[in-house]
2 protein chains.
Amino acid sequence: MFNLEIDNIKASRTAADRVFSALQDAIVRGDIPPGSRVGETELAERFGTSRGPLREALRRLESRRLVERTPHVGIRIASLCHEALIQIYYVREALEGMAARLAAVHMSPEEIDGLRNLLAAHEQDEALKADMAYFQQEGDLDFHYRVIQGSHNTALTELLIGELYHRIRMYRYQISASAKRPQKAFGEHQRIVEAIEAHDGDLAEMLMRRHISSARQNIEQHQRDNL
Amino acid sequence: MFNLEIDNIKASRTAADRVFSALQDAIVRGDIPPGSRVGETELAERFGTSRGPLREALRRLESRRLVERTPHVGIRIASLCHEALIQIYYVREALEGMAARLAAVHMSPEEIDGLRNLLAAHEQDEALKADMAYFQQEGDLDFHYRVIQGSHNTALTELLIGELYHRIRMYRYQISASAKRPQKAFGEHQRIVEAIEAHDGDLAEMLMRRHISSARQNIEQHQRDNL
DNA sequence: TCAATCCAAATTGTCGACAATGATGCTCCC
DNA sequence: GGGAGCATCATTGTCGACAATTTGGATTGA
C-alpha cells in the first residue's frame, strides 16, 4: 500500500544487497540495540551468509551513518543523540521547504491527484483509529516522500531519502512512543497540498517549513518532559 | 596549506581505505575517464591490492554516487550530466545559505579570524597571479569548507562535504577550463565574511545564496556558449 | 598496592580459489 | 539472408582460510 521501500526493491539480486536491506531494517526498527557492538561472524551467521557480503553491506551502512566502524576494532550500531536529531530536523526544514517549492512548480496533475487521494485515504483511516500511531507515522512519511519526489530534483531526492530519512526512522523506533500530533499534522498536510495545487511555491515552502519546525519543537518539548 | 582532504586523513589505516581514497581521487581528478567501464581485476592490480578491499571501496564510492554498479555486469565511472550539476547547485543554494546563517550565529572569534586570514592570503596570492585558475578554485572550495564547518551542524556538514562536494569537484575537472570569475567571487566572499562578523544571519544567508546562484548562472551561461 | 609490560585470545583485514551470472559469437533453422 | 537458440567465455559474486592488529588480563617489578 505504501511506497516506503524506495531503494530496497532492487536489493534482492545478490546476497550482499539482501543482507544490506535486512541489516538496515534491523537497525532502523531497533531489533539490534543502538550503540551495541556486534561481531562480523555473529552477524554473518544471523543473516545466513559469509563475511564477504556482510562486510560490503557494512561499508554501505557506514556511508549512511547507520553503523560506526573503527579499524581493527569492530562496528557498533549508531545511536542518534537528541542533539543530532534536532540538527537533522533543521536540515530537513531547509531541504523539504525547497522540495515543496519545487513541487508546487513541477508536479504533474497526476502526481497532485495522487497526493490528494493519499490524504483522503488518511482521512478515512483516521476514522477507523485502528493502530493509529504507527499508521500516522508511516502515512506521514509517505506524504513527505511524494512531495520530495514531486520536486523532480534527483540530487535533492537522493539526499533526503537516501541519507536523512533512514536515520529519522531509526530514531522514531528508538523512542517508540514519540509524541504525536496527528490531527494538527494532518491539517498542515492538507494546506501544503492546497498550496501545491495552486502552484504557489512561496506558500508551499513556508507551510512546509512551519510543518517541520512544529514537528521539531514537538520533539524538543518531548525531550524536556522526559528529562 | 589548504585543508581539502577532510575525510582522507584517517584513510591510511587499512588497504581498503587507501584504495578508496586513491580511487576517489583518480575519479574526481578525471584520471579515469567518466562513463568508462572498468574491471575489478584491472583496478585491483592498478592499486596493488586484492579484489576484496577494492570491492569494499567500490561500495562506498557507489554510495557517494561516484561509480554506478549493475549486478553481475560491472562498474562504470559516474558521469555528471549538466542537468544534474545544476540540480546540485540549487541544493547547494539552500544548504549553504543555511550554513552561512548558522555560521553568523555560531562561529567562534577564532574561526572568524581564520576566515579573514584566508581571504587576506587569497588577496596576496591574487597579486602573484601564478597558476591562478586552479588556485582560485581550490581557494574557493576552502572558503566554503570553513563556512560550512562554522555552522557547527554536523548533519549539514556531512551532507555538503561528504555527499555533494566530491561530485562538484569531479565536474570541475571534467570541464577543466570552466568559466571563472575570480574577482567577482572574491568580493562576494568578503561581503559574506563581513556579514558573519556582524552576526547578521539573514544577510549572510542572502549573500551566500546569491553567491552560489551567480556561480550556477555562470555555469549555465558557459553551457549555452559551448553548445 | 599500583603501574608498566608482555602474552594470549579473539576479532578484523586480506587473499586466493571456486561458483554463478550475463555477454559474445557461432551455428542452425526458417 | 536473417533471426532465434545455444555454447563458450569473461567477469562478477561468494566462500573459507590465513595473517595482522587490538584488547584484556596476568605477571612482575618498584
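Proteins get letters first, then strands, A, B, ... in listed order; numbering begins at 1 in each.
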Nearest-Å distance, [atom1] ([X]) to [atom2] ([N])?
X	N	atom1	atom2	value
A:R18	C:dA20	CZ	C1'	13 Å
A:R51	C:dG13	CZ	P	8 Å
B:F47	C:dC15	CZ	P	14 Å
A:I75	D:dT23	CD1	C1'	17 Å
A:R60	D:dG13	CZ	P	11 Å
A:R37	D:dG24	CZ	C1'	12 Å

**Asked** Parallel, tilted or perpendicular: which fits the ring planes of B:H152 and B:H106, with parallel below 30° and perpendicular above 60°?
**Response**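 Perpendicular.
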Between [X] and [N], does any side-chain N or O lie under 4.0 Å from OP1 or OP2?
X	N	result
B:R69	D:dG13	yes
A:R55	C:dT12	no
A:R13	C:dG22	yes
B:T41	D:dT11	no
B:T49	C:dC15	yes

**Prompt:** Is A:L160 close to A:Y145 at the side-chain level, that is, under 4.5 Å between some pair of heavy atoms?
**Reply:**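 Not in contact.
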**Request:** Return yes if some donor-acceptor pair links the side-chain N/O of B:T70 with the main-chain N/O of B:V73 below 3.5 Å, else return no.
**Result:**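 Not a single qualifying donor-acceptor pair exists.
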**Prompt:** Do other residues, nucleotides or ligands put more than 12 heavy atoms under 6.0 Å from the CD atom of A:E83?
**Reply:**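 Open.
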**Asked** Out of C:dG13, C:dC15, D:dG16, which has the shortest distance to the side chain of A:P71?
**Response**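 Out of C:dG13, C:dC15, D:dG16, the nucleotide with an atom closest to A:P71's side chain is C:dG13.
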**Request:** For B:G74, report the nucleic acid contact type (base, sugar-phosphate, nothing); a contact means any heavy atom under 4.0 Å.
**Result:**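 Sugar-phosphate only.
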